[in-house]
Amino acid sequence: MPLAGALVTTVWSSRDESIKAMKSIPFIFASVILAVSAFVLGPSPVTGGPPSPPAPTKHNEATIAQLQAEMASGKLTSHDLTEEYIDRINALDQNGPGVNAVIELNPDAMAMADNADKLRKKGKVLGPLHGIPVFLKDNIDTGDKMQTSAGSFALVGQPAKQDSTVAANLRAAGAVILGKTNLSEWANFRSFESISGWSGRGGQTNNPYGINRNPCGSSAGSAAAASANFASVSFGSETDGSIVCPGNANGVAAIKPTVGLVSRAGVVPISHTQDTVGPHGRTVADCAIALGVIESLTFDGRDQATGGVPLGWQGTGKTRPTNIPTDYTQFLNPNGLKGARIGITRAGLNGFDPNVPTPQPVTEAIEKAFQALTDAGATVIDLDAAGFSFPPANGETFVLLYDFKFDVAKYFGTRVGVPVAGGTLQTAIDFNNAHADEEMPFFNQDIFDLAETINPDPNFVDPNFGMSYNQALADGHNVGVNGIDAAISQFNLDAVVSATDNPAWTTDLLYGDHFIYGTSGLAAAPGYPIVQVPAGIVDGVPLGISFFGTAFSESTLIRLASGYEAQTQVRAHNLPTFAGYTPFNNIQGTTPTSKKHGPKDDAKKKPHHM
């Protein structure tokens, strides 16, 4: 049975509906706590029921390596760990503060845990995730009893017929698939007016650092679940920002892999050109372990991208590496930034809209985060000051609209027993119109409507964009060749670094998302990887930075990001508290007193958390 509502929605950096704005402004898709022991649990905000029992905290912030060591020594079983996470979810996700990151628990989770324990007793450990509970975003197929809905009732009914390649790889590695996480409906590719973390089926996912704050991006539930210690690691998807933006907002590490490194077979698509699947974890190490499990080392016949190279490398003569690592933990290095050459850019960090500049506390936090690179031993080159500029991805929106119209229809052809099975994008549009009260109470489906108008001829020049699909692909290729690749080559860099996204805003179901800046577009169109790592705290909510590299450079980015994490320890020193609102001191003021009786002895300011 699905848990009570969980919300997640996709994030766009602009809410302007005009085609002109779509072509020029980036967007973001598809896509602990020791302090909790002091949290006073009240009635469930979701069900209004009785108080839930205290949330377990024993393994909060425990790494995968630490959990494996405990299980190897016999101090812990997968059964007990899985049960512990479920109890924590019951206390904090659907009850207590109401994170609402989990859209469905796997009814077979305990059986999977018990099987992992039996294998371990026989001396058989299938991999680094053996017995480790993990979550999958609810757009990743599992051929079991769970739904794969992309947050929409249009895909609810009979479960997927078979596992996605990612789910199959996790099962083969002995992982316990604990359940599905909520997401921005349709990976945030339904409306320009969407609210990140919201879906018709799941409701609104909230941020563990402040329940009133938005979790960002279409993989909001994945990052929130990892941040809240609901599982060891979670898996999300990204088209442009939907892994790294939630990582930024929820204070966790995140890896957006090279397009084609991880198979998208069995994942509800936006774009075969840009989609990828990657992990959220509380440490870079946990993300590195997870990436090694889900990647496709060789061609997966269900996803052509696993046999080639992403858009940025196409036509350059570069080929898919034959020595893709099977274990990324070998690149973890607490001194990973020593001697590294890092190019930083502040392009766009002053804000997409000149009328909404980035607040000074945020810009100060960004500069402090950049300084930490130097403090950790890196040589930092200011790319903006050196006159380097990154080309805009003018064709990206057109590519996504074109791909989505035809890719989603192909996916519908793999499903049976759901409203859109065997249908087209128009089938989904019709479903939403017929079920508007459930699916469109807050925002419309103007992206769906626009995508439906796309001409299938790849050489047709669309008057809305002034280019054809093939020309748009060429533009995306250029973003890689004359962007990240050019910067790395010209300045002999190990990576490019920028702030990931602005800190999480207050969720606003009326006016929508409040994006000020976002940098995932530097890597989105060409299909290049990103590693996001927590880098600061602003008014109680996280701020992260992103390490960018060329295709298949995950090993280098993991080395650099792990070095930054070791230097700063931002997550370790700033765990989420599940506060009802953040900042917590925004209602402090004078204490009213009675003129008739005068102030009482206890007429003092109330403690912040009451």
Side-chain angles (χ1 to χ4, degrees), residues 29-31 103-106 108-109 112 126-127 129 132-152 155-183 186-187 189 218-219 221-222 225 231 233-239 242-243 255-272 274-280 290-307 403-404 407-418 420-421:
F29 322 91
S31 286
I103 200 169
E104 185 170 2
L105 284 175
N106 185 0
D108 297 325
M112 295 182 75
L126 300 177
L129 288 182
I132 299 293
V134 304
F135 271 114
L136 292 174
K137 184 178 179 180
D138 188 39
N139 64 346
I140 302 174
D141 284 353
T142 51
D144 51 21
K145 299 170 186 174
M146 290 189 290
Q147 300 290 323
T148 303
S149 72
S152 171
L155 281 169
V156 172
Q158 186 171 324
K161 292 190 291 185
Q162 68 178 113
D163 274 342
S164 60
T165 300
V166 165
N169 288 349
L170 288 167
R171 290 188 202 276
V176 175
I177 299 177
L178 187 53
K180 300 285 185 77
T181 54
N182 193 26
L183 71 162
W186 294 107
F189 203 69
S218 81
S219 302
S222 173
V233 70
S234 293
F235 295 92
S237 65
E238 174 160 328
T239 307
S242 281
I243 289 175
I255 298 178
K256 176 241 176 175
T258 301
V259 170
L261 179 63
V262 178
S263 174
R264 291 84 49 87
V267 179
V268 183
I270 290 178
S271 163
H272 65 268
Q274 293 185 200
D275 291 350
T276 188
V277 176
H280 287 119
L291 178 61
V293 171
I294 65 169
E295 69 180 356
S296 290
L297 292 174
T298 57
F299 177 61
D300 173 19
R302 299 172 63 195
D303 181 4
Q304 293 297 312
T306 59
D403 285 356
F404 181 69
D407 290 353
V408 80
K410 290 179 182 177
Y411 175 81
F412 290 167
T414 70
R415 298 293 299 272
V416 297
V418 297
V420 294

With rounding to the nearest 0.5 Å, note down the distance linking [atom1] in [X] to [atom2] in [Y].
| X | Y | atom1 | atom2 | value |
| --- | --- | --- | --- | --- |
| L170 | L136 | CG | CG | 6.0 Å |
| E104 | T148 | CD | OG1 | 8.5 Å |
| I140 | T181 | CD1 | OG1 | 7.5 Å |
| L178 | F135 | CG | CZ | 4.0 Å |
| W186 | S218 | CH2 | OG | 13.0 Å |
| I177 | I132 | CD1 | CD1 | 13.5 Å |

Review point. Would N106 and D144 count as a side-chain contact (heavy atoms from CB on, under 4.5 Å) if you check the C-alpha gap in whole Å, the side-chain angles of each, and the deciding distance to 0.1 Å?
Key: CA-CA 9 Å; N106 185 0; D144 51 21; 4.2 Å; yes
Practice item. Could you pull out all residues at least two apart from K145 that satisfy side-chain contact (heavy atoms from CB on, under 4.5 Å)? Key: P107, D108
Review point. Mind checking what makes side-chain contact (heavy atoms from CB on, under 4.5 Å) contact with D300, not counting sequence neighbours?
Key: T165, S263, A265, S296, R302, D303, T306
Check your understanding: Does any N or O in the side chain of T258 come within less than 3.5 Å of the main-chain N or O of L261, such that one atom is a donor and the other an acceptor?
Key -> no
**Study point:** Main-chain N/O of S222 paired to S219 side chain as donor or acceptor, under 3.5 Å
**Key:** no
Review point. Is there side-chain contact between V166 and V262, with at least one heavy-atom pair below 4.5 Å?
Key: yes
Heavy-atom closest pair, residues [X] and [Y]:
| X | Y | answer |
| --- | --- | --- |
| L183 | G151 | CD2-N, 3.4 Å |
| R264 | D275 | NH1-O, 2.8 Å |
| I243 | E238 | N-OE1, 2.7 Å |
| M112 | A175 | CE-O, 3.3 Å |
| A187 | N139 | CB-ND2, 4.5 Å |
| L155 | V418 | O-CG1, 3.3 Å |

Practice item. Step by step, work out the side-chain contact (heavy atoms from CB on, under 4.5 Å) result for R171 and D163. Key: CA-CA 9 Å; R171 290 188 202 276; D163 274 342; 2.5 Å; yes
Tell me yes or no: between the side chains of [X] and [Y], is some donor less than 3.5 Å from an acceptor?
| X | Y | value |
| --- | --- | --- |
| S234 | H280 | no |
| T142 | K180 | yes |
| S237 | K137 | yes |
| D141 | Y411 | yes |

**Study point:** Cationic N near anionic O, under 4.0 Å, K410 to D403
**Key:** no
